[in-house]
Undergrad: 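Would you mind keeping the following structure in view while I ask a few things?
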Amino acid sequence: MKGPIGIFDSGLGGLSVVKHLCKLLPSRDIIYFGDTGRVPYGSRSPETIEKYAHQDIKFLQSQGVSMIIAACGTVSSVAPHVGENLGIPFLGVVDPAVKAAIRATSNGKIGVIGTAATINSRAYTRKLLKENPSLEVFEQPCPLLVPLVEAGWISREDLVTREVVRRYLSPLNEKGIDTLILGCTHYPLLKSIISDTMGQNVTLIDTGLESAKAAAKIAAPISHESHKGKCSFFVSDKVDGFKSIAGMFLGYEISEEDIKRVDIEKL
Ligand code: DGL
């Protein structure tokens, strides 16, 4: 499979997939599109989410990508069909996370957190129960978490974020879940706070990591191992706003020359 791997999200969350995929397939080029001008998707209608996802895919295809990852829990849950008939492999984040959760659970009680649109779609629950009807699944929308992450309020010491997480997750803790799917690609950034709240005995399923692992199985490394893959970033709003928070997701700074702005509605 030649050509770069295309990855998109409503904003920055999909960078949690990029971070892991760069490590798993360091020789592959990656093209990332973050729809920063229209984030969040999670509070929008299914029709709007689907329209945005089609535009995001069209942009990535215009860049000659050989595979597309919808690194967005909301798109993957609400509009998985946008990846049909593209002529190239398409992967969302729901299936890899569901498989990992089923492997991880011992007591069969699984929690799912996500945006309002993701939880309303019940996509995670339906897939979990399809795989194993005896599971007990408990879902919780967490609409305030994406804005907190996009604002960079992710530190373990951040009392506001800790309290918001506690209020969302307490009901799941009371259900006795042993596995929690972070059903939105923004949430891995809050892993330490979520883990403090849920306790050591609850396994957190990182959608970014699981979908990167699944993608790496489909897209083999390119044959010249010495080739160092390049990551190019495209956004639909200000470049500097993206740059400052992107480093947090990726674990390294990116330069402004590697980020370009596109008018996603005019393509
Ligand atoms: N990263 C998106 C997701 O995984 C959430 C952000 C949004 O609401 O746009 O669902």
Side-chain angles (χ1 to χ4, degrees), residues 6-21 32-57 68-80 82-83 90-98 100-101 111-125 127 139-154 161 164-165 168 180-191 194 204-212 214-215 233 235-237 241-242 245-246 248-250 264:
I7 301 180
F8 74 94
D9 179 42
S10 56
L12 291 142
L15 294 173
S16 59
V17 179
V18 175
K19 175 181 162 190
H20 295 292
L21 201 57
Y32 182 83
F33 174 68
D35 199 359
T36 51
R38 304 188 294 193
V39 67
Y41 284 8
S43 52
R44 300 185 192 276
S45 67
E47 296 74 27
T48 300
I49 293 165
E50 184 171 333
K51 182 179 102 183
Y52 288 177
H54 277 303
Q55 291 172 334
D56 301 346
I57 288 167
I68 293 179
I69 306 171
C72 174
T74 305
V75 169
S76 308
S77 302
V78 173
V82 293
F90 178 89
L91 186 76
V93 300
V94 174
D95 288 337
V98 161
V112 181
I113 55 174
T115 64
T118 294
I119 299 305
N120 284 342
S121 77
R122 301 195 79 242
Y124 282 98
T125 297
K127 293 215 167 172
E139 293 190 291
Q140 173 67 49
C142 304
L144 294 177
L145 296 190
V146 168
L148 287 169
V149 172
E150 295 263 334
W153 292 24
I154 59 169
T161 307
V164 173
V165 168
Y168 281 139
L180 177 63
I181 297 179
L182 311 182
C184 165
T185 49
H186 280 69
Y187 299 172
L189 271 283
L190 298 172
K191 236 177 183 174
I194 293 173
L204 304 183
I205 305 297
D206 178 336
T207 35
L209 172 63
E210 297 307 329
S211 50
F233 301 93
V235 291
S236 52
D237 203 353
F242 180 81
I245 312 272
M248 258 168 26
F249 278 82
L250 294 166
I264 194 71

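For ligands, and for the atoms within them, numbers begin at 1 and follow the listed sequence.
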Undergrad: Rounded at 0.5 Å granularity, tell me how far CG in Leu182 sits from CG in Leu190.
TA: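 Between atom CG of Leu182 and atom CG of Leu190 there are 8.5 Å.
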Undergrad: What are the two closest heavy atoms between Val18 and Tyr32, and how far apart are they?
TA: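 Smallest heavy-atom distance, with atoms named: CG2-CD1, 3.5 Å.
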Undergrad: List the atom of Val235, the atom of Thr36, and the distance in Å for their closest heavy-atom pair.
TA: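 Shortest heavy-atom separation between Val235 and Thr36 comes out as CB-OG1, 3.5 Å.
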Undergrad: Which pair of non-hydrogen atoms, one from Cys184 and one from Val146, has the smallest distance, and what is that distance?
TA: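 The pair with the smallest heavy-atom distance is SG-CG2, 3.8 Å.
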Undergrad: Tell me whether the centres of the aromatic rings in Tyr52 and Tyr41 are closer together than 6.0 Å.
TA: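 Ring-ring flag for Tyr52/Tyr41: true, centres closer than 6.0 Å.
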Undergrad: Return the protein residues near ligand 1 (heavy atom under 4.0 Å from any of its atoms), ordered by chain and residue number.
TA: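 If the criterion is a heavy atom under 4.0 Å, then ligand 1 touches Asp9, Ser10, Val39, Pro40, Tyr41, Gly42, Cys72, Gly73, Thr74, Thr115, Val146, Cys184, Thr185, His186.
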Undergrad: Once the angle between the rings of His186 and Phe249 is folded into 0 to 90°, is it parallel (under 30°), tilted (30 to 60°) or perpendicular (over 60°)?
TA: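 Aromatic pair His186/Phe249 classed perpendicular.
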